[in-house]
Amino acid sequence: MSPHPIGVLLVDDQPLFRRGMAMLIDSQPDLRVVGEAGDGAAAATTAQQTAPDVVLMDIRMPGTDGIAGTAGILRDAAANGRTPPRVIVLTTFDLDDAALRAIRAGASGFLLKDAEPEFLLAAVRAVHGGHAVVAPGAIGDLLAHVDARAEHPVPAGRVADPAALDALSPREREIFAAVAAGLSNAEIAAREFVSEATVKSHVGRILAKLALRDRVQVVLYAHDHGLLPRRAGGGP
C-alpha cells in the first residue's frame with residue numbers, strides 16, 4: 001500500500017468528461033486528482049506544477065494532442081531530474097494507430113474512454129505499480145494492424161536482428177521471447193518450470209539491460225528488431 005494517495009492529472013478537452021473522471025477518482029481513498037488540463041501543452045505545464053504520479057491523457061484534442069503532450073511531460077521530467085509520471089492514453093478506438101504512437105512517445109498503455117470505471121481505477125493503480133495497462137498480446141494485434149495498413153514495404157530496420165539481444169543471457173532471451181509473445185509471468189513460470197518470482201526477476205533484468213520501461217516496451221522492441229513472433233492467419 002502506498003503511504004499517500006496516488007496523484008492523478010486529468011487531460012481532456014471536455015470539461016464535463018474531466019469532472020466525471022475527477023468525481024470517480026476522488027471517490028477512492030488511495031487516489032486523488034492533483035490537476036486538470038484541456039490539451040497536451042497545458043498538461044505539460046500542469047505536470048510541472050503538480051508532479052502527478054499518473055496522467056490520464058486523451059489522445060485527440062484541439063491544439064496540442066495527447067501524443068505530443070505525453071512526449072512533453074516525459075521530456076520535461078527528464079530535463080529537470082524528476083521521476084516521470086506514468087501516462088495512460090484514452091481513446092475511442094480499439095485498434096488505434098494514435099494509441100501506438102503515444103506508447104512509442106512514452107505512454108504505459110491505453111484504455112478505451114468507455115472502459116468500466118472499476119477497470120480504469122485498476123489501471124491507474126497498475127501503472128503506478130510499474131505495470132503496463134495493455135496486454136502485450138493486444139499491442140501485438142495493434143502492431144499487426146498498423147503493419148497491414150502500411151503503404152510501404154517493411155523497413156530494413158525490421159529485418160530480424162538477434163544481435164539486439166546480445167546483452168541478455170540465454171535464459172533471459174527465452175523469457176524475452178515469451179514476454180514478446182504475450183505470455184504472463186504465471187504462464188512463463190509454468191512453461192519454464194520455475195516460480196513466478198524467478199520470472200519476475202528475469203523480466204526486471206531484461207528491462208534494465210535493454211533500457212525498457214515495461215512489458216509493452218518489450219513487444220515494441222521485439223517488433224522494431226524483427227523479433228516479434230509471427231502470428232498465424234494474418235489477413236490482408
Measuring from atom [atom1] of [X] to atom [atom2] of [Y], what distance do you get when rounded to the nearest 0.5 angstrom?
{"X": "R125", "Y": "L31", "atom1": "CZ", "atom2": "CG", "result": "4.5 Å"}
{"X": "L111", "Y": "L120", "atom1": "CG", "atom2": "CG", "result": "5.5 Å"}
{"X": "M21", "Y": "L121", "atom1": "CE", "atom2": "CG", "result": "8.0 Å"}
{"X": "L9", "Y": "I73", "atom1": "CG", "atom2": "CD1", "result": "6.0 Å"}
{"X": "L210", "Y": "L212", "atom1": "CG", "atom2": "CG", "result": "5.0 Å"}
{"X": "F17", "Y": "L56", "atom1": "CZ", "atom2": "CG", "result": "8.0 Å"}

Do side-chain atoms of [X] reach the backbone of [Y] as a donor and acceptor pair under 3.5 angstrom?
{"X": "T198", "Y": "V194", "answer": "no"}
{"X": "Y221", "Y": "A164", "answer": "yes"}
{"X": "R213", "Y": "A107", "answer": "yes"}
{"X": "E187", "Y": "S184", "answer": "yes"}
{"X": "D58", "Y": "M61", "answer": "no"}

Any side-chain heavy-atom pair of [X] and [Y] under 4.5 Å:
{"X": "Q49", "Y": "V34", "value": "no"}
{"X": "L90", "Y": "F110", "value": "no"}
{"X": "H4", "Y": "R32", "value": "no"}
{"X": "Q28", "Y": "I6", "value": "no"}
{"X": "V216", "Y": "I103", "value": "yes"}
{"X": "L168", "Y": "K209", "value": "yes"}
{"X": "V89", "Y": "V55", "value": "no"}

Apply the test side-chain contact (heavy atoms from CB on, under 4.5 Å) to residues E174 and I188: give CA-CA distance (whole Å), side-chain angles for both, the deciding distance (0.1 Å), then the verdict. CA-CA 10 Å; E174 293 175 2; I188 297 171; over 6 Å; no
Evaluate the criterion side-chain contact (heavy atoms from CB on, under 4.5 Å) for residue pair L10 and V33; output intermediate values, then yes/no. CA-CA 7 Å; L10 303 176; V33 174; 4.0 Å; yes
Minimum heavy-atom separation for [X] and [Y], please, with both atom names.
{"X": "R191", "Y": "A178", "result": "NH2-CB, 3.3 Å"}
{"X": "A180", "Y": "A222", "result": "CB-CB, 3.8 Å"}
{"X": "P5", "Y": "P29", "result": "CG-O, 4.1 Å"}
{"X": "D13", "Y": "P62", "result": "OD2-CD, 3.5 Å"}
{"X": "D65", "Y": "I59", "result": "CB-O, 3.2 Å"}
{"X": "P85", "Y": "P52", "result": "CB-O, 3.3 Å"}

Under 3.5 Å, is there a donor on one side chain and an acceptor on the other for N185 and R215?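 Yes, because at least one side-chain N or O of N185 sits under 3.5 Å from a partner of the opposite role on R215.
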Taken in chain and number order and not counting sequence neighbours, the residues that satisfy side chain to side chain contact (heavy atoms under 4.5 Å, CB included) with E118 are E116
Evaluate L112 against T92 for side-chain contact (heavy atoms from CB on, under 4.5 Å), listing each step before the verdict. CA-CA 5 Å; L112 295 179; T92 54; over 6 Å; no
Residue list, side chain to side chain donor-acceptor pair (under 3.5 Å) with E36, at least two apart or on another chain: R18
Whether K113 and D12 form a salt bridge (side-chain N of Lys/Arg under 4.0 Å from carboxylate O of Asp/Glu) is what I want to check.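 Yes, this pair counts.
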Under a 4.0 Å threshold between the charged nitrogen and the carboxylate oxygen, would D39 count as salt-bridged to R60? no
Pair up each side-chain donor or acceptor in residues 199-207 with any protein partner under 3.5 Å, not counting sequence neighbours, and list the distances.
{"unit_1": "S201", "atom_1": "OG", "unit_2": "R205", "atom_2": "NH1", "d": "2.9"}
{"unit_1": "H202", "atom_1": "ND1", "unit_2": "R205", "atom_2": "NH2", "d": "2.9"}
{"unit_1": "R205", "atom_1": "NE", "unit_2": "E172", "atom_2": "OE2", "d": "3.2"}

The test is side-chain contact (heavy atoms from CB on, under 4.5 Å); show your working for T70 and I67 and say whether it passes. CA-CA 5 Å; T70 295; I67 301 168; 5.9 Å; no
With side chain to side chain donor-acceptor pair (under 3.5 Å) as the criterion, how do R82 and Q48 come out once you've worked through the C-alpha distance, each side chain's angles and the decisive distance to 0.1 Å? CA-CA 9 Å; R82 298 193 311 270; Q48 285 184 325; over 6 Å; no
